[in-house]
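Data first, discussion second: the structure below is written as structure tokens.
Only a predicted model underlies this, so the values are computations on that prediction, with no experimental measurement involved.
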Amino acid sequence: MISMSPVRPGNGWRYLFRGVMVGDGHRLAGMTLRAAQDEAGVPPGVWKGRGLAALGLKAGDVVTERQAELLLGEGRHPDADRIERELLAQGKSPEQARRATVLGRPIEHSRSPETDKAKERTPWLAFDLTFRPPPTAHIAWALGDDDTRVVLELCDDIARDKTLAWVEESVAEIRWKAGGKRRARVKDGLIVAVFRHYESRATESRPLLHAHAIVSIRARRPHDGKWGNLSADSLMANIVAADTLYTLYFMEEVSARLGWAWEPREVTPGRRPVMDIAGIDRRFIGWQSTRRQQIEDALPILTAKYEERQGHAPGERASYELACQAADQTRPPKRTELLSLTELRKRWRDSAIRAFGACTVYRLAERARAAAAAVWARVRPVVDIVLAAVDVVAVVYVMRGAFKHHHLLAEARRHLAYILRGRPHQPGLDDQIVQTVVDDYTRPVGRGLKMTADLRALYPSDTEDQAVLRPLTRNRTAPPYERARLAAGALAARVRAARRADRLGSRTRPYAVTVPAPSRSHPRPFRTGGQDGRRQEPETGVDTVEQTRQTLEAAAAQVAATLQDSRRAREAAHGPRPQPAPATAPPPHTQQPGIHHTPGRTTGGVT
């Protein structure tokens with residue numbers, strides 16, 4: 001998952017240099033950044049992003065303390081000292097030389113009326129994006145062998161870099177003019193400093209493989225190349241979509257490199273499940289997530305006080321605020337004992353062996369491979385765009401009512417993670433699912449870019465039948481996600497029923513669930529009729545009567561057959577269709593999902 005927090009002038013800036021850059025440890029005054037990182041046992045930070053070329057930096061270069069101080073702390077060029085010396089040698093004044101190194105508007109940290117206005121113009125110095133793999137990945141990384149550890153770290157690096165690249169290309173915007181009225185995509189890209197950490201903040205250290213990606217707020221405008229500030233609201237709006245993309249990429253890398261599969265795990269009844277590595281003992285999750293247990297122990301006390309004060313149980317928003325309050329109250333202080341990664345892994349393994357036994361720990365990878373084979377034998381990783389679009393629009397509609405594009409994109413990526421279980425997805429498949437939803441199952445609502453569900457594509461004539469979703473969306477006694485799954489199941493059943501009806505009215509041919517790629521996003525195989533949009537009634541004739549008689553006879557033969565004669569029963573039930581009578585009726589209309597056909601009349605079958 002990905003969490004986001006601002007880096008502001010003052011305490012936020014100091015916490016970045018004294019904590020985040022040194023593995024969330026404790027950096028003594030006067031200690032250099034590199035010495036503090038070595039003592040904490042964490043690797044040095046590295047630069048990432050396509051925006052580095054504008055500053056003369058390269059991706060993968062080590063982040064020095066002076067570079068971070070100049071760029072992330074003051075909004076100046078990371079090589080400002082050299083530039084100032086050259087300008088002073090050319091006869092420039094100190095003020096002119098310093099101003100030439102500032103990227104955009106100056107940032108000051110002192111307290112004065114002038115600097116307060118500057119802080120209002122630039123409230124953030126950077127964005128702190130924290131990337132964390134799923135919980136079972138921490139366990140496999142901490143308790144597995146060295147080869148497994150290295151592969152999981154590589155998977156985390158690849159998934160994080162791909163996600164940051166998507167943010168650069170599709171999300172990051174630069175703003176200018178009063179109030180940020182003008183916005184556009186950045187010219188070069190982002191400037192990011194990545195710092196990897198290995199453990200959680202719990203009093204008893206637990207494995208937590210994660211990385212802090214510090215995104216500088218400075219970027220260049222596309223039209224004139226001047227430096228400005230990134231738009232914070234556009235990044236915050238798409239943080240969930242980025243989170244689901246990072247999880248999807250990480251799952252694919254782990255499955256490709258280690259041969260493991262993924263399966264959903266319900267953490268809270270009625271809430272969204274999380275994807276975990278199949279075969280990892282679930283008891284390890286409680287052993288690893290000590291912070292979660294501390295929060296769960298404090299939450300009932302806060303909930304009881306809320307009910308006593310308000311007179312009713314907390315709702316969704318109040319429950320979230322109470323959980324945040326419990327997390328703040330149980331937040332432990334940082335550990336002063338610093339250990340290397342080798343020492344930490346030995347301590348974690350000894351603790352797990354004492355809790356669950358040596359066999360459970362040492363056979364972790366073996367059991368994951370065996371569970372993956374069972375998952376691949378049970379789950380067919382095939383994506384049906386129509387069913388995926390129906391699932392996405394149902395879940396988002398029930399959860400939010402009115403939604404935007406990034407809500408659909410995040411849910412489409414969750415759907416792919418659940419269906420594929422770690423198998424690679426075709427690039428752009430998530431966007432194709434979202435486009436199908438927008439084209440066929442939504443309509444604009446209110447102002448701005450909001451939309452809501454429009455299910456007339458699934459219920460073209462019998463609009464009263466759309467009421468099937470009303471009890472699901474209005475039943476407030478059930479959790480929102482549980483209602484969303486019920487709605488998705490109802491709509492998926494509608495699609496499958498329409499497909500079965502389409503097959504009965506077509507020539508006999510096998511139907512396979514595939515990933516269609518027609519010219520239009522949704523072929524709508526079950527919507528046929530005239531140009532006025534109304535469905536035409538089927539034409540009844542000799543073919544229809546003969547086909548009905550043959551169908552009933554085949555069904556009776558199939559019921560009477562024994563299990564040993566199942567093959568002959570299937571042949572009797574699906575034998576050759578009757579020959580058409582010598583009439584002037586047109587041939588049966590054939591239509592398969594994923595293929596366009598010209599609407600026309602049908603002879604026999606069910607529409």
(request) Determine, stepwise, if the pair L16 / I214 fulfils side chain to side chain contact (heavy atoms under 4.5 Å, CB included). (result) CA-CA 9 Å; L16 172 64; I214 313 300; 3.7 Å; yes

(request) Would you name the heavy atoms of T163 and A242 that are closest together and state the gap between them? (result) CG2-O, 3.5 Å

(request) Considering only NZ, NE, NH1 and NH2 on the basic side and carboxylate oxygens on the acidic side, decide whether D188 and R50 come within less than 4.0 Å. (result) no

(request) Sequence neighbours left out, what passes ring pair (Phe, Tyr, Trp, His ring centres under 6.0 Å) with H407? Give chain and number order. (result) none

(request) Salt-bridge test for R414 and E411: reply yes if a basic N is under 4.0 Å from a carboxylate O, no otherwise. (result) yes

(request) Output the distance between atom OH (Y362) and atom CD1 (I353), rounded to the nearest 0.5 Å. (result) 3.5 Å

(message) Go through it in stages, so that I can follow the logic: the residues are R423 and E253, the test is salt bridge (Lys or Arg N to Asp or Glu O under 4.0 Å), and I'd like the CA-CA distance, side-chain angles, deciding distance and then a yes or no.
(response) CA-CA 9 Å; R423 294 292 176 88; E253 292 296 330; over 6 Å; no

(message) Tell me whether Y306 at atom OH has more than 12 heavy atoms from other residues, nucleotides or ligands lying less than 6.0 Å away.
(response) yes

(message) To the nearest 0.5 Å, what is the distance between CZ on R218 and CG on L190?
(response) 14.5 Å

(message) D350: which residues meet the salt bridge (charged side-chain N to carboxylate O under 4.0 Å, His left out) condition with it, sequence neighbours left out?
(response) K346

(request) Could you tell me whether the side chain of L55 reaches within less than 4.5 Å of the side chain of I191, counting heavy atoms only? (result) yes

(request) Return the set of residues passing side chain to side chain donor-acceptor pair (under 3.5 Å) with T64 (not counting sequence neighbours), or none when no residue passes. (result) Q67

(request) Could you tell me whether the side chain of I285 reaches within less than 4.5 Å of the side chain of D276, counting heavy atoms only? (result) yes

(message) Once ring pair (Phe, Tyr, Trp, His ring centres under 6.0 Å) is applied, do any residues pair with F250, and if so which ones, sequence neighbours excluded?
(response) none

(message) Taking the side chain as everything from C-beta on, heavy atoms only, tell me whether V22 gets closer than 4.5 Å to L33.
(response) yes

(request) Cation-pi check, R196 to Y198: give yes when NZ or CZ is under 6.0 Å from the six-membered ring centre and within 45° of the ring axis, no otherwise. (result) no

(request) In sequence, state the C-alpha distance, the side-chain angles, and the governing distance for K187 and H223, and then conclude on side chain to side chain contact (heavy atoms under 4.5 Å, CB included). (result) CA-CA 8 Å; K187 180 178 181 180; H223 59 287; over 6 Å; no

(request) Using atom types as modelled and distance alone, determine if a side-chain donor or acceptor of S231 lies under 3.5 Å from a backbone N or O of R175. (result) no

(request) Work out which heavy atom in R369 is nearest to a heavy atom in L258; give both atom names and the distance. (result) CG-O, 4.3 Å

(request) Under the salt bridge (charged side-chain N to carboxylate O under 4.0 Å, His left out) rule, collect the residues that match up with R354, sequence neighbours excluded. (result) none

(request) Report the residues that fulfil ring pair (Phe, Tyr, Trp, His ring centres under 6.0 Å) with H210, sequence neighbours left out, ordered by chain and then residue number. (result) H197, H212

(request) Can you sort out the partners of R82 under side chain to side chain donor-acceptor pair (under 3.5 Å), two or more places apart, ordered by chain and number? (result) D79, E86

(message) Whether the side chain of S351 engages the backbone of R347 through a donor-acceptor N/O pair (distance < 3.5 Å, no angle test) should be reported.
(response) no

(request) Could you tell me whether the side chain of R421 and the main chain of M251 form a donor-acceptor pair under 3.5 Å? (result) no

(message) Once rounded to the nearest 0.5 Å, what's the spacing between atom CD1 of I139 and atom CD1 of I277?
(response) 8.5 Å

(request) With the side chain counted from C-beta on, respond yes when W348 and E199 share a heavy-atom pair under 4.5 Å apart, and no when they do not. (result) yes

(request) With sequence neighbours excluded, tell me which residues meet side chain to side chain donor-acceptor pair (under 3.5 Å) with T32. (result) none

(message) Please check this pair: side chain of H138 against backbone of L209, looking for a donor-acceptor N/O pair closer than 3.5 Å.
(response) yes

(request) Before giving the answer on side-chain hydrogen bond (donor to acceptor under 3.5 Å, both in side chains), spell out for Y249 and D161 the whole-Å C-alpha distance, their side-chain angles and the decisive distance to 0.1 Å. (result) CA-CA 10 Å; Y249 279 139; D161 293 346; over 6 Å; no

(message) Are V7 and L72 packed together at the side-chain level, in the sense that at least one heavy-atom pair is separated by less than 4.5 angstrom?
(response) no

(request) Return yes if some donor-acceptor pair links the side-chain N/O of S255 with the main-chain N/O of E252 below 3.5 Å, else return no. (result) no

(request) Please round to the nearest 0.5 Å and tell me the distance separating atom CD1 of I433 and atom CG of L409. (result) 9.5 Å

(message) Strictly below 4.0 Å, N to O, side chains only: are E153 and R257 in salt-bridge contact?
(response) no

(request) Report yes if the side chains of R76 and L103 come closer than 4.5 Å at any heavy-atom pair, otherwise no. (result) no

(message) Tell me if a side-chain donor or acceptor on D145 pairs with a main-chain N or O of T148 at a distance below 3.5 Å.
(response) yes

(request) Only pairs at least two apart or in different chains count here, so list each salt bridge (charged side-chain N to carboxylate O under 4.0 Å, His left out) that has a residue in residues 55-64. (result) none

(request) Show your working on side chain to side chain contact (heavy atoms under 4.5 Å, CB included) between R98 and E84 and close with a plain yes or no. (result) CA-CA 6 Å; R98 179 178 177 82; E84 282 191 32; 4.2 Å; yes

(request) Please list, chain by chain and in numerical order, all residues satisfying salt bridge (charged side-chain N to carboxylate O under 4.0 Å, His left out) with D38, sequence neighbours excluded. (result) R34

(message) Any non-hydrogen side-chain atom of F131 less than 4.5 Å from a side-chain atom of L164?
(response) yes

(request) Could you tell me whether R413 sits above the aromatic face of W166, with NZ or CZ closer than 6.0 angstrom to the six-membered ring centre and within 45 degrees of the axis? (result) yes

(message) Can you list everything that forms a side chain to side chain donor-acceptor pair (under 3.5 Å) with W260? Sequence neighbours excluded, please.
(response) none

(message) Test of understanding: with salt bridge (charged side-chain N to carboxylate O under 4.0 Å, His left out), list the residues that count as partners of D243, not counting sequence neighbours.
(response) none

(request) Report the distance from atom CD1 of I2 to atom CG of L245, rounding to the nearest 0.5 Å. (result) 8.0 Å

(request) Drop me the distance from S5's OG to L129's CG, to the nearest 0.5 angstrom. (result) 8.0 Å

(message) Does V274 form a side chain to side chain contact (heavy atoms under 4.5 Å, CB included) with W262? I'd like the steps, not just the answer.
(response) CA-CA 10 Å; V274 298; W262 299 77; over 6 Å; no

(request) Compare every heavy atom of R132 with every heavy atom of S3, then report the nearest pair and how far apart it is. (result) OG-NH1, 3.7 Å

(message) Minimum heavy-atom separation for P135 and R265, please, with both atom names.
(response) CG-NH2, 3.9 Å

(request) Report yes if the side chains of M21 and V42 come closer than 4.5 Å at any heavy-atom pair, otherwise no. (result) no

(message) Whether D81 and R85 form a salt bridge (side-chain N of Lys/Arg under 4.0 Å from carboxylate O of Asp/Glu) is what I want to check.
(response) no

(request) Of all the heavy-atom pairs spanning V171 and R185, show the shortest one and how long it is. (result) O-NH1, 3.0 Å

(message) Testing the basics here: between S234 and E173, what is the closest heavy-atom pair and its distance to 0.1 Å?
(response) CB-OE1, 3.8 Å

(message) Tell me whether R99 contacts the main-chain N or O of P94 through its side chain, where contact means a donor paired with an acceptor under 3.5 Å.
(response) no

(message) Take a 6.0 Å sphere around NZ of K162 and say whether it holds more than 12 heavy atoms from other residues, nucleotides or ligands.
(response) yes

